[in-house]
Amino acid sequence: EAGVAQSPRYKIIEKRQSVAFWCNPISGHATLYWYQQILGQGPKLLIQFQNNGVVDDSQLPKDRFSAERLKGVDSTLKIQPAKLEDSAVYLCASNPRGAGGNEQFFGPGTRLTVL
Amino acid sequence: GDSVTQMEGPVTLSEEAFLTINCTYTATGYPSLFWYVQYPGEGLQLLLKATKADDKGSNKGFEATYRKETTSFHLEKGSVQVSDSAVYFCALSPTGNQFYFGTGTSLTVIP
């Protein structure tokens, strides 16, 4: 079974530029998560989708971050414009239906450096 | 609100030493508890989990017991190897679909 795929793996941009990350979850997984992991910290949830609907985006900085999962499968996270403090690893995760007790399956992450 | 507190690192051990990484949690209800591991340059992987009080999760020689009375889920391994060097995250999931992660504990095992 293929795992969670993410691209690109690395991205370097200058502040005020835009960037987009892509995630393809495990086939059949209804729930998809985007996390931000700043160096030395644990993952922080940015947004959670159930199929193509948003379940929780309370910690998403909506003035600059946006995300979509139009067909309930793959997802895109965008930052526009980027700030220095956005430098982090962006992790995508999925699980079958988001019920308690189910593990999350993580992709390898995209390491973003904002100069 | 729900949260996880992990022992701060970094932790450095000699090969074959005993490992304990402490984790305590705050939650309403009966959350599921997890330990994830992140090897250098990789994403998080589930190491073990426990879904109810007194359950013991185990995998690859690691163990953790869900202790409701002390709200703890400490990670232990009797004899660590160099290949265990990684960052370990404690996490909880309430009866729903949200996950809360600790800040991570970096472990380095030296030969």
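Below, all heavy atoms of this structure are taken into account, side chains as well, without hydrogens, waters or symmetry copies. Lettering follows sequence order; numbering is per chain, from 1.
A salt bridge between Glu63(B) and Lys56(B) is present, with a side-chain N of the basic residue lying under 4.0 Å from a carboxylate O of the acidic one.
Heavy atoms closer than 4.5 Å to chain A are found nowhere in Gln6(B), neither backbone nor side chain. Only the side chain of Tyr36(B) comes within less than 4.5 Å of a heavy atom of chain A; its backbone N, CA, C and O stay farther away. Of the atoms belonging to Arg9(A), it is side-chain heavy atoms, and not backbone ones, that fall under 4.5 Å from chain B.
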For residues 12-21 of chain A, please give each side-chain donor-acceptor pair under 3.5 Å, one per line with the distance, not counting sequence neighbours.
{"unit_1": "Gln17(A)", "atom_1": "OE1", "unit_2": "Glu14(A)", "atom_2": "N", "d": "2.8"}

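The hydrophobic cluster of Ile110(B) has no other members, since no ILVMFWY side-chain heavy atom comes under 4.5 Å of it.
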* Show your working on side chain to side chain contact (heavy atoms under 4.5 Å, CB included) between Phe18(B) and Glu76(B) and close with a plain yes or no. => CA-CA 7 Å; Phe18(B) 184 85; Glu76(B) 297 182 335; 3.9 Å; yes
* Asked: When you look at Tyr88(B) and Phe62(B), which way does the ring pair (Phe, Tyr, Trp, His ring centres under 6.0 Å) test go after all the steps?
  -> CA-CA 11 Å; Tyr88(B) 293 81; Phe62(B) 290 89; 5.6 Å; yes
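For residues 35-45 of chain A, the interface with chain B (any heavy-atom pair closer than 4.5 Å) comprises Tyr35(A), Gln37(A), Gly40(A), Gln41(A), Gly42(A), Pro43(A), sorted by residue number.
The salt bridge (charged side-chain N to carboxylate O under 4.0 Å, His left out) check on Lys60(B) picks up nothing, with sequence neighbours excluded.
Each of Gln104(A), Gln50(A), Arg69(A) was compared with Leu32(A) under the side-chain contact (heavy atoms from CB on, under 4.5 Å) criterion, and only Arg69(A) meets it.
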